Amino acid sequence: MIHVLKHVESITQHRDRTLLELGVASALFELVKALEVNLYKVIEQGNDCFLSQVVHVGPEGVRYLQEELDDSADTVPVAQRPEMAACVGQRHIVLRHLADTGQYLHCFPVLAEHRVLGVLEVVCSAQLSEENLGTAEGFLGLYRNYMSLLDYSERDTLTGLLNRKTFDENLGKILNALAVQRGAEDDDSPLRRRQQDDGIHWLAVLDVDHFKRVNDQFGHLYGDEVLLLLARLMRDSFRHQDRLFRFGGEEFVVVLRASTADEVAQALERLRETVEQYTFPQVGQVTISMGYTHIRHQDTIPEIVGRADEALYFAKGNGRNQIACYETLLANGQISAREQPSGSMELF
């Protein structure tokens with residue numbers, strides 16, 4: 001019992017999703033004497049459902065398989081794993097015995113708000129005892145409840161998107177990763193090759209056109225519904241690994257990865273057209289304007305947001321219902337380069 005409590009103490013001291021997921025998987029691997037423990041996220045894309053592995057714990061050690069805005073992790077259709085499909089579809093624990101290896105696969109659904117958000121797979125040489133099943137379910141409940149607490153503190157209560165408080169942390173991780181990649185001295189190293197293969201990051205600021213008019217004409221209740229439905233359209237338009245934030249009011253931020261500005265423009269234009277063509281209840285047509293910019297390794301967060309904001313102001317000042325790229329506007333002479341802080345300090 002003391003051993004279990006020590007694992008609980010270790011897990012609950014974390015305020016980071018990655019460490020929480022690693023802690024739960026590692027604790028179960030040790031406590032139930034598993035051959036391996038894997039945690040998968042369930043990704044819904046239209047009517048299809050996929051699995052993306054997040055954590056692996058085995059005799060060789062611990063691996064976290066996803067990074068911020070990383071779409072390189074393999075995803076497989078749930079249908080290819082019958083035990084996973086049953087776990088997700090029926091929302092209960094599923095046991096599968098592999099006759100060729102003698103292994104027992106225990107699949108536990110990670111439930112939240114009547115949805116299966118993930119699957120915890122515990123692979124053992126024998127079927128789990130009732131005691132070990134209880135241990136696994138207990139740690140899964142701990143993980144689920146703790147994730148709910150993190151979601152509550154990290155997400156906007158109206159739209160469910162990430163909130164302003166989590167933006168600096170998410171973007172800081174990207175900037176740190178870019179700095180590390182930039183510092184790789186060997187151009188032929190795996191790290192450098194991955195940087196070239198993975199593309200680059202971009203930030204877009206999105207604003208609802210004439211939103212004050214919506215609130216004034218239809219009331220704040222319908223204004224909130226517009227924001228809620230817009231958030232849903234954003235989720236449907238972007239990939240699961242893109243980060244969507246509500247900054248407050250009618251302003252949203254998207255952080256995504258793409259190889260070129262044209263690729264970003266296509267993604268943002270797709271959202272703009274979707275919103276323009278959508279009929280919002282009572283309100284009717286609503287449009288959005290967006291400004292976006294390339295995230296560079298030497299940037300600071302205020303510089304990135306400032307450039308995207310400047311592109312957004314240009315879009316809104318030149319007709320609205322359009323997107324604008326800071327780098328393109330600068331190259332065309334439509335805006336001037338932003339002044340960089342001098343770094344000097346005046347003392348009083």
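Note that the numbering runs from 1 along the sequence shown for the chain. These figures come from a predicted structure and were not determined experimentally. Excluded from the calculations below are hydrogen atoms, water molecules and symmetry mates; all remaining heavy atoms, backbone and side chain alike, are included.
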Donor-acceptor contact below 3.5 Å, side chain His106 vs main chain Leu128: yes
Shortest non-hydrogen contact from Cys107 toward Glu83: SG-CG, 3.5 Å
Common cluster, Val32/Val24, ILVMFWY with side-chain heavy-atom separation under 4.5 Å: yes
Mutual orientation of the aromatic rings belonging to Phe247 and Phe167 [parallel < 30°, tilted 30-60°, perpendicular > 60°]: perpendicular
N/O donor-acceptor pair under 3.5 Å between Asn163 side chain and Thr166 backbone: yes
Other residues, nucleotides, ligands: >12 heavy atoms within 6.0 Å of Glu131 CD: no
Non-hydrogen side-chain atoms of Leu162 and Phe245 separated by less than 4.5 Å: yes
Pairwise side-chain contact, Cys325 with Val264, heavy-atom cut-off 4.5 Å (strictly under): no
Any Val286 side-chain heavy atom under 4.5 Å of Tyr278 side chain: no
Spacing of OG1 belonging to Thr75 relative to CD belonging to Gln53, to within rounding of 0.5 Å: 12.0 Å
Under 3.5 Å: donor-acceptor pair, side chain of Glu303, backbone of Thr300: yes
Residues Ile93, Glu137; criterion side chain to side chain contact (heavy atoms under 4.5 Å, CB included); working and verdict: CA-CA 9 Å; Ile93 303 171; Glu137 289 185 285; 3.4 Å; yes
Phe218 and Tyr222 aromatic ring geometry - parallel, tilted or perpendicular at 30°/60° bounds: perpendicular
Arg320 CZ: over 12 foreign heavy atoms closer than 6.0 Å: yes
More than 12 heavy atoms of other groups within 6.0 Å of Phe211 CZ: yes
Qualifying residue, where the test is side chain to side chain contact (heavy atoms under 4.5 Å, CB included) with Met234 and the options are Thr159, Leu244, Thr274: Leu244
Non-hydrogen side-chain atoms of Leu111 and Val116 separated by less than 4.5 Å: yes
Close side-chain approach of Met84 and Val76, heavy atoms under 4.5 Å: no
Closest non-hydrogen atom pair between Leu28 and Thr135, with its separation: CD2-O, 4.1 Å
SG on Cys87 to CG on Leu95, rounded to 0.5 Å: 11.5 Å
Arg81 and Glu121 ion-paired at < 4.0 Å: yes
Side-chain heavy atoms of Leu140 within contact of Arg144, under 4.5 Å: yes
Heavy-atom side-chain proximity of Val122 to Asn132 below 4.5 angstrom: no
Which atom of Ala267 lies closest to which atom of Leu256, heavy atoms considered: CB-CD1, 4.4 Å
Between CD on residue Glu169 and CD1 on residue Ile174, distance to nearest 0.5 Å: 11.5 Å
Single-linkage hydrophobic cluster, 4.5 Å side-chain cutoff, Val54 and Phe139 together: yes
Test side chain to side chain contact (heavy atoms under 4.5 Å, CB included) applied to Glu250 and Val214, step by step: CA-CA 11 Å; Glu250 68 273 27; Val214 173; over 6 Å; no
Inter-residue atom distance Glu273.CD - Asn321.CG, 0.5 Å rounding: 9.5 Å
Close side-chain approach of Leu203 to Val254, heavy-atom, < 4.5 Å: no
Atom of Val55, atom of Ala25 and distance for their closest heavy-atom approach: CG1-CB, 3.7 Å
Nearest atoms (heavy-atom pairs only) where Tyr292 meets Glu327: O-OE1, 4.1 Å
Linked, directly or transitively: Leu117 and Tyr40 (ILVMFWY side chains, under 4.5 Å): no
Between CG on residue Leu330 and CZ on residue Phe314, distance to nearest 0.5 Å: 12.0 Å
Exam field: side chain Arg239 to backbone Arg257, donor-acceptor pair closer than 3.5 Å: yes
Heavy-atom donor-acceptor pair, Arg155 side chain to Gly160 backbone, under 3.5 Å: yes
ILVMFWY cluster, Val253 and Leu175 together (side-chain gap under 4.5 Å): yes
Donor-acceptor under 3.5 Å (His201 side chain, Ile295 main chain): no
Derivation and outcome, side chain to side chain contact (heavy atoms under 4.5 Å, CB included), residues Thr260 and Trp202: CA-CA 9 Å; Thr260 65; Trp202 303 78; 5.7 Å; no
Pair Ser289, Asp207: side-chain N/O donor-acceptor within cut-off below 3.5 Å: no
Residues Arg307 and Glu310 bridged, charged N to O under 4.0 Å: no
Arg235 side chain to Phe238 backbone, donor-acceptor under 3.5 Å: no
Arg296 side, atom CZ; Leu178 side, atom CG - distance, nearest 0.5 Å: 11.5 Å
same_hphob_cluster(Leu31, Tyr104) at 4.5 Å side-chain heavy-atom cutoff: no
More than 12 heavy atoms of other groups within 6.0 Å of Glu130 CD: no
Chi angles and distances behind the side chain to side chain contact (heavy atoms under 4.5 Å, CB included) call for Tyr326, Ile304: CA-CA 10 Å; Tyr326 175 84; Ile304 299 167; over 6 Å; no
Taking every non-hydrogen atom, the tightest pair across Leu158 and Leu228: O-CD1, 3.1 Å
